K.L.:
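Just passing along the structure, written as structure tokens.
Predicted model only: the values in this text are computed from it and were never measured.
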Amino acid sequence: MSLSIFYILCRWLHFAALISLAGGSLYTALMAPARFRRYLAERFKRLLAVSAVLSLCTATLLLAAQTGLMGNGWQDITDVHVWQAVLRTRFGQAWQWQLLLALAGVLALLLKGRGRQQLLLLSSIGQLTGLAFVGHAAMLDGGTGVLQRTNQAVHLISAAFWAGGLLPVAMLMREARQQSTRYDAISTLMRFSRYGHLAVALVVVSGVINALLLLGWPPASFQLYSQLLLLKTLLVMLMCVVALANRYWLVPRFQRCGESAQRLFLRTTLAELLLSALVLLLVSIFATLEPA
């Protein structure tokens, strides 16, 4: 496997882990009713633990892969001098904070109760914000650079709320069928739906701003980066259509159509989750290309 492909796969897994960690911990720390949070934290325990550990592992592998890419390939991953050079770069300095925040997320798993959920959420939000200081998001300097990084942080956190909340939605649908947890599960789902509108709007607006900052308007060319960005935009638009259909067509039919509407809602939610995974893969490929 080439080092570039390894880097793309690690970046894809890293994004997926961070988004899952942020989405799941948002439910258990903030969105669920207070009396339901402990129960939900237990239900999401495996998801959050796997996401936290995976975010630390992939952050470490990404730093190693970046070291090889800045050197002469796989052989330089074990070269101490290359590591020292990479750690002195802007990427290396920012990534050291990523590792510390990822480690904090893993250490949070040793805690119990509300502190565990809050630290997991802070770790994920911190790591997502840190990603705005590496790669294309850190290309510009001065006031424009501050705008670019702030906008990218908003983009990533909003995307984590939206896409990271989809798997918990599927898990909560089971709780909504049980009499003992039905009311709290539905209340949690409605909160996600309410704030999800804002998250989707922020994803779209911040995505447009990112594209304008990187490519300008009109774009000077339509090379591979721009082509993949267009494909990403189309996938996000399709996700928006699915989300709107779920909220305004399927949900009102739950009482009238019962199980059939709920099963269809679950399938479309999983389809939306698959689309988000494809978007993350495209974003991971972007990192290896020059904006053009």
K.L.:
Do Ile19 and Leu121 belong to the same hydrophobic cluster, where Ile, Leu, Val, Met, Phe, Trp and Tyr are linked whenever their side-chain heavy atoms lie under 4.5 Å apart, directly or via other members?
P.N.:
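In one cluster: yes.
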K.L.:
To the closest 0.5 Å, what do you measure between CG (Leu100) and CG (Leu56)?
P.N.:
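The CG atom of Leu56 is 10.0 Å from CG of Leu100, to the nearest 0.5 Å.
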K.L.:
How far does CE of Met239 sit from CG of Leu274, to the nearest 0.5 angstrom?
P.N.:
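So the CE of Met239 and the CG of Leu274 are separated by 10.0 Å.
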K.L.:
More than 12 heavy atoms of other residues, nucleotides or ligands under 6.0 Å from CZ of Arg114: is that the case?
P.N.:
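Check fails, neighbour count at 12 or below.
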K.L.:
The criterion is side chain to side chain contact (heavy atoms under 4.5 Å, CB included); which residues satisfy it with Tyr183, sequence neighbours excluded?
P.N.:
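Checked Tyr183 against side chain to side chain contact (heavy atoms under 4.5 Å, CB included); matches are Arg35, Ser187.
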K.L.:
If you look at every heavy atom in Ala52 and Leu120, which pair is closest and at what distance?
P.N.:
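Closest heavy-atom pair between Ala52 and Leu120: CB-CD2, 4.2 Å.
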K.L.:
Within the supplied structure, the quantity of interest is the number of heavy atoms (other residues, nucleotides, ligands) at a distance under 6.0 Å from Arg247 CZ; does it exceed 12?
P.N.:
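Counting neighbours around CZ of Arg247, more than 12 heavy atoms of other residues, nucleotides or ligands fall under 6.0 Å, so yes.
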K.L.:
Name all residues meeting the salt bridge (Lys or Arg N to Asp or Glu O under 4.0 Å) criterion together with Arg37; count only those two or more places apart in sequence or in a different chain, and write none if there are none.
P.N.:
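Partners of Arg37 under the salt bridge (Lys or Arg N to Asp or Glu O under 4.0 Å) test: none.
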K.L.:
Using a side-chain heavy atom cutoff under 4.5 Å and only I, L, V, M, F, W and Y, what cluster partners does Leu13 have?
P.N.:
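Other cluster members: none.
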K.L.:
Out of curiosity, Arg149 CZ to Leu131 CG, how far, rounded to the nearest 0.5 Å?
P.N.:
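So the gap between those two atoms works out to 13.5 Å.
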K.L.:
Where do Gln98 and Gly130 come nearest, in terms of heavy atoms and distance?
P.N.:
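Heavy-atom minimum between the residues: OE1-CA, 3.2 Å.
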K.L.:
Between the main-chain N or O of Cys10 and the side-chain N or O of Thr58, is there a donor-acceptor pair closer than 3.5 Å?
P.N.:
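It does not hold such a pair.
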K.L.:
Please assess Lys45 against Arg116 for the test side-chain contact (heavy atoms from CB on, under 4.5 Å), listing each intermediate value before the final yes or no.
P.N.:
CA-CA 11 Å; Lys45 184 176 181 179; Arg116 171 191 175 112; 3.8 Å; yes
K.L.:
Go through the structure and list residues passing side chain to side chain contact (heavy atoms under 4.5 Å, CB included) with Leu238, not counting sequence neighbours.
P.N.:
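If we apply the side chain to side chain contact (heavy atoms under 4.5 Å, CB included) test to Leu238, skipping adjacent residues, the hits are Leu275.
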K.L.:
Quick one: hydrophobic cluster around Val154, which other residues, with the 4.5 Å side-chain cut-off, linked directly or via members?
P.N.:
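Its cluster partners, ordered by chain and number, are Leu198, Leu202.
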K.L.:
My understanding is that only residues two or more places apart in sequence, or in another chain, count here; which of them pass ring pair (Phe, Tyr, Trp, His ring centres under 6.0 Å) with His14?
P.N.:
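Applying ring pair (Phe, Tyr, Trp, His ring centres under 6.0 Å) to His14 gives Trp95.
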K.L.:
Report yes or no: do Tyr27 and Leu119 belong to one cluster of Ile/Leu/Val/Met/Phe/Trp/Tyr joined by side chain heavy-atom distances under 4.5 Å?
P.N.:
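As far as the 4.5 Å side-chain criterion goes, Leu119 and Tyr27 are not connected within one cluster.
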K.L.:
For the CG atom of Leu234 and the CG atom of Leu229, what is their distance to the nearest 0.5 Å?
P.N.:
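Rounded to the nearest 0.5 Å, the CG-CG separation comes to 10.0 Å.
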K.L.:
Indicate if Ile5 and Leu282 have the same hydrophobic cluster label, given that clusters are the connected sets of ILVMFWY residues with side-chain heavy-atom separations under 4.5 angstrom.
P.N.:
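Linked within one cluster.
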K.L.:
Roughly how far, to the nearest 0.5 Å, is CD of Glu42 from OG1 of Thr28?
P.N.:
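That separation rounds to 11.5 Å.
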K.L.:
Ignoring hydrogens and angles, tell me if any N or O in the side chain of Ser284 forms a donor-acceptor pair with the backbone of Trp12 under 3.5 Å.
P.N.:
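Looks like yes, one N/O pair under 3.5 Å.
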K.L.:
For the residue pair Arg191 and Pro33, what are the closest heavy atoms and their distance?
P.N.:
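Distance-wise, the nearest heavy atoms are NH1-N, 3.7 Å.
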K.L.:
Please identify which of these residues, Tyr248, Trp162, Phe161, meets the ring pair (Phe, Tyr, Trp, His ring centres under 6.0 Å) condition with His197.
P.N.:
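Exactly one pass, corresponding to Tyr248.
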K.L.:
More than 12 heavy atoms of other residues, nucleotides or ligands under 6.0 Å from CZ of Arg177: yes or no?
P.N.:
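Above 12, so yes.
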K.L.:
Do Thr188 side-chain atoms and Asp184 backbone N/O form a donor-acceptor pair below 3.5 Å?
P.N.:
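Side chain of Thr188 to backbone of Asp184, a donor-acceptor pair under 3.5 Å: yes, one is there.
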K.L.:
Please report the closest heavy-atom contact between Asn210 and Gln152, naming both atoms and the distance.
P.N.:
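Result for this residue pair: ND2-OE1, 2.6 Å.
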K.L.:
Quick one: which of Leu281, Leu230, Val279 gives a side-chain contact (heavy atoms from CB on, under 4.5 Å) with Leu235?
P.N.:
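Going through Leu281, Leu230, Val279 one by one, the side-chain contact (heavy atoms from CB on, under 4.5 Å) with Leu235 is satisfied by Val279 alone.
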K.L.:
For Asn246, check side chain to side chain contact (heavy atoms under 4.5 Å, CB included) against everything at least two apart and list the hits.
P.N.:
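Only Val242, Leu250, Phe265, Thr268, Thr269, Glu272 meet the side chain to side chain contact (heavy atoms under 4.5 Å, CB included) criterion with Asn246.
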K.L.:
Are Leu264 and Leu244 joined in one hydrophobic group, where the rule is that I, L, V, M, F, W and Y side chains link up if heavy atoms are under 4.5 Å apart?
P.N.:
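Different clusters: Leu264 never reaches Leu244 through Ile, Leu, Val, Met, Phe, Trp or Tyr contacts under 4.5 Å.
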K.L.:
Check for a donor-acceptor pair, side chain of Gln117 on one end and backbone N or O of Ser25 on the other, with a separation under 3.5 Å.
P.N.:
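Side chain of Gln117 to backbone of Ser25, a donor-acceptor pair under 3.5 Å: no, none is there.
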K.L.:
For residues 102-110, run the donor-acceptor check on the side chains, cut-off 3.5 Å, and write out each pair with its distance to 0.1 Å, sequence neighbours left out.
P.N.:
none

K.L.:
Given side-chain contact (heavy atoms from CB on, under 4.5 Å), test Val200 with Cys240 step by step and report yes or no.
P.N.:
CA-CA 8 Å; Val200 171; Cys240 290; 3.8 Å; yes
K.L.:
Name the residue from Leu47, Leu54, Leu48 that meets the side-chain contact (heavy atoms from CB on, under 4.5 Å) definition with Ser51.
P.N.:
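Exactly one candidate clears the test, Leu47.
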K.L.:
Could you tell me which residues satisfy side chain to side chain contact (heavy atoms under 4.5 Å, CB included) with Ile186, sequence neighbours excluded, listed by chain and number?
P.N.:
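Partners of Ile186 by the side chain to side chain contact (heavy atoms under 4.5 Å, CB included) criterion, ordered by chain and then number, come out as Ala176, Arg182, Met190.
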K.L.:
Can you confirm whether Gln227 sits close enough to Leu224 that some side-chain heavy atom of one is under 4.5 Å from a side-chain heavy atom of the other?
P.N.:
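Result yes, sub-4.5 Å side-chain heavy-atom pair found.
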K.L.:
Linking Ile, Leu, Val, Met, Phe, Trp and Tyr through side-chain heavy atoms less than 4.5 Å apart, which residues share a cluster with Val50?
P.N.:
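Other cluster members: none.
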K.L.:
Nearest 0.5 Å, please: how far is CZ in Arg263 from CE in Met173?
P.N.:
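With rounding to 0.5 Å, CE (Met173) is 11.0 Å from CZ (Arg263).
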K.L.:
Please check if Leu172 and Leu273 belong to a single hydrophobic cluster, counting links between Ile, Leu, Val, Met, Phe, Trp and Tyr side chain heavy atoms closer than 4.5 Å.
P.N.:
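Yes, it is one cluster - the side chains of Leu172 and Leu273 are joined through contacts under 4.5 Å.
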K.L.:
Kindly indicate, with the supporting measurements, whether the criterion side-chain contact (heavy atoms from CB on, under 4.5 Å) is fulfilled by Val208 and Thr233.
P.N.:
CA-CA 9 Å; Val208 171; Thr233 302; over 6 Å; no
K.L.:
Minimum heavy-atom separation for Leu3 and Ala65, please, with both atom names.
P.N.:
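So the minimum-distance heavy-atom pair works out to CD2-O, 3.9 Å.
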K.L.:
List the residues meeting ring pair (Phe, Tyr, Trp, His ring centres under 6.0 Å) with Tyr7, not counting sequence neighbours, and say none if there are none.
P.N.:
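Tyr7: no ring pair (Phe, Tyr, Trp, His ring centres under 6.0 Å) contacts found.
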K.L.:
Donor-acceptor check, side chain of Thr150 to backbone of Leu147, threshold 3.5 angstrom: yes or no?
P.N.:
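No: the side chain of Thr150 does not pair with the backbone of Leu147.
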K.L.:
Can you name the nearest heavy-atom pair linking Gln96 to Leu87, along with the distance?
P.N.:
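Minimum heavy-atom separation between Gln96 and Leu87: NE2-O, 3.4 Å.
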K.L.:
For Tyr39, which residues count as a ring pair (Phe, Tyr, Trp, His ring centres under 6.0 Å) partner, sequence neighbours excluded?
P.N.:
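Counting only residues at least two positions away or on another chain, Tyr39 forms a ring pair (Phe, Tyr, Trp, His ring centres under 6.0 Å) with Phe36.
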